[in-house]
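What follows is one structure encoded as structure tokens, with my remarks underneath.
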Amino acid sequence: MKIKTKNLLTLAELTQKEFLGLIDDSIKLKKELKKGGNKPVLKNKTLTMIFQKPSTRTRVSFETGMYQLGGHTINLSSNDTQLSRGESVEDTAKTLSRYTDCIMARVYDHSLLDKLSEYASVPVINGLSDSFHPCQILADFMTIKEKKKSFKGLKIAWIGDGNNVCNSMIYGAALSGVKMSIATPKGFQPNKSTVQVSQNLTDIELTTDPKKAAENADVVVTDTYSSIHNDDPKRIKKFLPKYQINDKIMDLTKKNAIFLHCLPAKREQEVTTSVIDGPQSVVWDEAENRLHSQKALLSALLHA
């Protein structure tokens with residue numbers, strides 16, 4: 001699948017055909033790997049990865065993915081670049097573009113990605129920002145497609161914080177035609193413009209009632225209530241116990257419903273151990289699929 005967009009910052013850059021094509025390509029690459037290995041379509045290509053935030057799945061999946069496709073990665077923390085000494089994002093983007101074929105950045109402020117993509121001549125990928133997490137959602141919808149075979153008629157229940165992952169999942173629901181019911185406390189709803197745009201393509205419901213969201217859902221999704229460096233106990237209390245995914249919530253869903261979580265999870269906060277380790281949980285397949293969906297994305301952006 002070759003896509004027209006230069007960058008992937010929000011999923012809004014993709015058409016429905018491109019989004020669904022990436023999902024299918026991800027599944028193909030996974031099957032190909034299991035049969036003996038992927039073709040080295042990114043031979044002699046280099047991905048520069050910039051990390052302002054800690055990372056396990058994003059770093060390892062991108063690094064492994066580039067290797068499996070024949071490419072190479074360079075890993076830079078905030079202190080490894082001249083950004084830490086005052087060099088502008090613009091100058092950094094222009095310099096990296098002379099050395100590398102693609103830039104992936106995991107950042108605090110989404111505006112940094114906007115600047116990187118504006119001044120870089122190579123593709124820029126959002127590895128996570130305060131506003132969106134598109135790479136996670138490519139893996140999530142790959143997982144849903146694997147487990148449910150089709151997106152037609154599905155309902156996703158998002159219960160918890162209307163955060164960056166939720167914003168990207170809304171775009172994913174719109175591009176796949178899946179209905180989405182989002183239950184959050186007041187003041188923690190997802191981005192308004194993301195919801196409004198997506199409601200033109202599918203049914204996006206906002207509620208404060210997690211039971212209503214979970215009723216007859218095919219997929220249940222949540223995330224931590226506290227982002228990196230934000231563990232305010234007062235904030236967490238606004239979610240508990242009402243918005244916790246537990247056995248009672250899962251009992252309201254369809255019998256064959258699946259549970260997703262981008263990880264890392266804080267057990268007994270947003271989800272109980274009985275659910276995340278239970279038979280409906282597919283979080284480990286979901287985590288694995290970050291590898292395959294990112295290989296599909298890299299191949300598409302680099303027109304391999």
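Values below: all heavy atoms of this structure, side chains included; hydrogens, waters and symmetry mates excluded.
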Exercise. Apply the side-chain contact (heavy atoms from CB on, under 4.5 Å) test between K34 and each candidate in K31, K30, E32; give the one that qualifies.
Key: K30
Identify each donor-acceptor pair in which a side-chain atom of residues 159-173 lies under 3.5 Å from a protein atom, sequence neighbours left out, and give them as a table.
{"unit_1": "D161", "atom_1": "OD2", "unit_2": "R235", "atom_2": "NH2", "d": "3.0"}
{"unit_1": "N163", "atom_1": "OD1", "unit_2": "V165", "atom_2": "N", "d": "3.1"}
{"unit_1": "N163", "atom_1": "OD1", "unit_2": "C166", "atom_2": "N", "d": "3.1"}
{"unit_1": "N163", "atom_1": "ND2", "unit_2": "D223", "atom_2": "OD2", "d": "2.9"}
{"unit_1": "N164", "atom_1": "ND2", "unit_2": "S129", "atom_2": "O", "d": "2.7"}
{"unit_1": "N167", "atom_1": "OD1", "unit_2": "N191", "atom_2": "N", "d": "2.9"}
{"unit_1": "N167", "atom_1": "ND2", "unit_2": "S131", "atom_2": "O", "d": "3.0"}
{"unit_1": "N167", "atom_1": "ND2", "unit_2": "N163", "atom_2": "O", "d": "3.3"}
{"unit_1": "S168", "atom_1": "OG", "unit_2": "H133", "atom_2": "N", "d": "2.8"}

Quiz item: Does one side chain, of D91 or Q82, offer a donor that lies under 3.5 Å from an acceptor on the other?
Solution: no
Quiz item: Do the side chains of Q244 and Q269 get nearer than 4.5 Å, heavy atoms only?
Solution: no
Exercise. Quick one: list whatever passes ring pair (Phe, Tyr, Trp, His ring centres under 6.0 Å) with F239, sequence neighbours left out.
Key: F188, Y225
Exercise. Identify, with sequence neighbours excluded, every residue that meets side-chain contact (heavy atoms from CB on, under 4.5 Å) alongside T207.
Key: S181, A183, D209, K212, A213
Quiz item: Can we say K295 and D25 salt-bridge, meaning some charged N sits less than 4.0 Å from an Asp/Glu carboxylate O?
Solution: no
Exercise. For the pair E90 and K94, find out whether any cationic side-chain nitrogen is under 4.0 Å from an anionic carboxylate oxygen.
Key: no
Quiz item: Got a sec: does the NZ of K115 have more than 12 other heavy atoms crowding it under 6.0 Å?
Solution: no
Practice problem: Would you tell me whether R267 and T272 have side-chain atoms, one donor and one acceptor, within less than 3.5 Å of each other? | Solution: no
Exercise. In plain terms, say whether D203 and K155 are close enough for a salt bridge, that is, a side-chain N and a carboxylate O under 4.0 Å apart.
Key: no
Practice problem: Could you state whether L42 and L33 fall into the same hydrophobic cluster, counting links through intermediate Ile, Leu, Val, Met, Phe, Trp or Tyr residues with side-chain heavy atoms under 4.5 angstrom apart? | Solution: no
Quiz item: Do K254 and D218 meet the salt-bridge criterion of a basic N to acidic O distance under 4.0 Å?
Solution: yes
